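Down below is the structure, laid out as structure tokens.
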Amino acid sequence: MKKVLTYGTFDLLHYGHINILRRAKELGDYLIVGLSTDEFNALKHKEAYHSYENRKLILEAIRYVDKVIPENDWDQKIKDVQENDIDIFVMGDDWEGKFDFLKDYCEVIYLPRTVGISTTKIKHDLFSVKK
Ligand code: C2G
């Protein structure tokens, strides 16, 4: 069984998220998502609209996702790869090169981001909607 691992905040879920989760799952048989906790988001200078528990609930309902684990810090990836017998690590290419240190432990693949959508764009577009 080929196991795939990816990480993210996945707030205000949109088709860019679904595209990366679908493609990540297509690379193997089992997809684990490291979901950023609310505390870790603060370290990433991100504030999610949905709590960790609710983002986890939503992710677990996605057909491509087999397991969700908490992402608490930047330093857990090697341990996560080893403890979960991960074969392939996947991230969107906005992270190109940032996780190449994992190449000693598994295959590292950066997939093209989906152009034209982001959680930030959703928030901006909604905020600027004419009252
Ligand atoms: N993504 C994408 N296309 C978009 C938006 C996001 O492919 N239009 C991908 C990102 O490249 C990432 C994943 O969706 O691989 C999750 O994106 P975020 O929730 O924004 O996650 P991020 O804040 O990048 O967290 O340790 C890694 C970090 O936790 C990644």
Side-chain angles (χ1 to χ4, degrees):
M1 178 168 70
K2 191 172 279 192
K3 297 179 79 177
V4 185
L5 173 64
T6 190
Y7 292 84
T9 297
F10 295 100
D11 192 33
L12 300 187
L13 199 72
H14 54 68
Y15 56 91
H17 295 136
I18 297 301
N19 284 340
I20 190 109
L21 293 171
R22 186 190 70 254
R23 288 175 294 162
K25 180 59 176 284
E26 284 167 355
L27 292 168
D29 309 293
Y30 190 91
L31 175 62
I32 299 178
V33 178
L35 182 62
S36 308
T37 60
D38 297 330
E39 296 74 14
F40 182 51
N41 274 332
L43 291 182
K44 292 197 289 185
H45 307 297
K46 272 190 155 184
E47 188 177 349
Y49 177 80
H50 292 303
S51 67
Y52 172 79
E53 284 312 316
N54 285 331
R55 288 183 285 117
K56 182 171 184 284
L57 184 74
I58 292 166
L59 273 190
E60 287 174 338
I62 297 171
R63 71 176 70 175
Y64 308 119
V65 176
D66 295 290
K67 183 179 181 183
V68 177
I69 60 174
E71 181 186 30
N72 297 297
D73 58 56
W74 290 111
D75 308 318
Q76 68 184 75
K77 292 185 173 67
I78 293 174
K79 179 174 66 66
D80 288 347
V81 167
Q82 293 175 319
E83 285 182 357
N84 292 282
D85 302 317
I86 298 299
D87 301 288
I88 307 173
F89 170 84
V90 171
M91 286 302 292
D93 63 4
D94 47 316
W95 291 94
E96 184 82 37
K98 298 290 192 307
F99 301 114
D100 287 357
F101 63 89
L102 289 172
K103 287 181 177 175
D104 295 337
Y105 305 92
C106 64
E107 197 179 341
V108 174
I109 296 177
Y110 301 99
L111 295 173
R113 273 175 75 91
T114 300
V115 176
I117 187 70
S118 68
T119 301
T120 306
K121 181 177 181 339
I122 293 170
K123 288 177 179 175
H124 176 269
D125 290 355
L126 286 176
F127 180 77
S128 56
V129 153
K130 299 289 175 280
K131 297 288 177 276

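Counting starts at 1 for both ligands and their atoms, in listed order. None of the values given here were measured: they were computed from a predicted structure.
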N or O contact, G92 vs ligand 1, cut-off under 3.5 Å:
yes

* ligand 1 and H14, any nitrogen or oxygen pair closer than 3.5 angstrom? -> no

closest protein heavy atom to atom 9 (C) of ligand 1 is I20 CG2, 4.1 Å

Inset, instruction - Indicate the ring-plane relationship of F40 and W74, choosing parallel, tilted or perpendicular according to the 30° and 60° boundaries. - result: perpendicular

Has K2 got more than 12 heavy atoms of other residues, nucleotides or ligands less than 6.0 Å from its NZ? no

Exercise for the section: Report yes if some N/O of T9 lies less than 3.5 Å from some N/O of ligand 1; otherwise report no. Expected result: yes

Min side-chain heavy-atom separation H17-V33 under 4.5 Å
no

Of all protein heavy atoms, the one nearest atom 3 (N) of ligand 1 is T114 N, 3.1 Å

Are there more than 12 heavy atoms of other residues, nucleotides or ligands under 6.0 Å from atom NZ of K123? yes

Looking only at non-hydrogen atoms, the one of R113, E71, R55, K121 nearest atom 26 (O) of ligand 1 is E71

Exercise. Does R63 reach the side chain of R22, with side-chain heavy atoms less than 4.5 Å apart?
Worked result: no

With nothing but distance in play, are any N or O atoms of K46 less than 3.5 Å from an N or O of ligand 1? yes

When you compare the side chain of K25 with that of D66, does any pair of heavy atoms fall below 4.5 Å?
yes

(message) Does the residue Y15 have a heavy-atom contact with ligand 1, meaning some pair of atoms that are separated by less than 4.0 Å?
(response) no

Ligand 1 and I117, any nitrogen or oxygen pair closer than 3.5 angstrom?
yes

When D38, T119, T9 are each screened for side chain to side chain contact (heavy atoms under 4.5 Å, CB included) with K46, the one that passes is T9

Among V33, D73, L43, D94, closest by heavy atom to atom 11 (O) of ligand 1 is D94

Under 4.0 Å from one or more heavy atoms of G8, ligand 1 contributes atoms 19 (O), 21 (O), 25 (O), 29 (O), 30 (C)

- Query: Taking the inter-plane angle between the rings of Y7 and F89 on a 0 to 90° scale, is it parallel (under 30°), tilted (30 to 60°) or perpendicular (over 60°)?
  - Reply: tilted

Exercise for review: Let me see the working for E107 and D87 under side chain to side chain contact (heavy atoms under 4.5 Å, CB included), right down to the final yes or no.
Suggested key: CA-CA 6 Å; E107 197 179 341; D87 301 288; over 6 Å; no

Among non-hydrogen protein atoms, atom 28 (C) of ligand 1 lies closest to K44 NZ, 3.5 Å

| message | Can you see whether D100 engages Y110 through a side-chain donor-acceptor pair at a distance of less than 3.5 angstrom? | response | yes

Polar atom proximity, Y7 to ligand 1 (N or O, under 3.5 Å):
no

- Could a heavy atom of S36 be found less than 4.0 Å from some atom of ligand 1? yes

Any N or O of F10 closer than 3.5 Å to N or O of ligand 1
yes

Heavy atoms of H50 and D11 approach each other most closely as N-OD1, 3.0 Å

Taking only non-hydrogen atoms of W95 and a 4.0 Å limit, the atoms of ligand 1 in range are 24 (O), 30 (C)

Note to self: If I apply the N/O under 3.5 Å rule, does K77 come out as touching ligand 1?
What the structure shows: yes

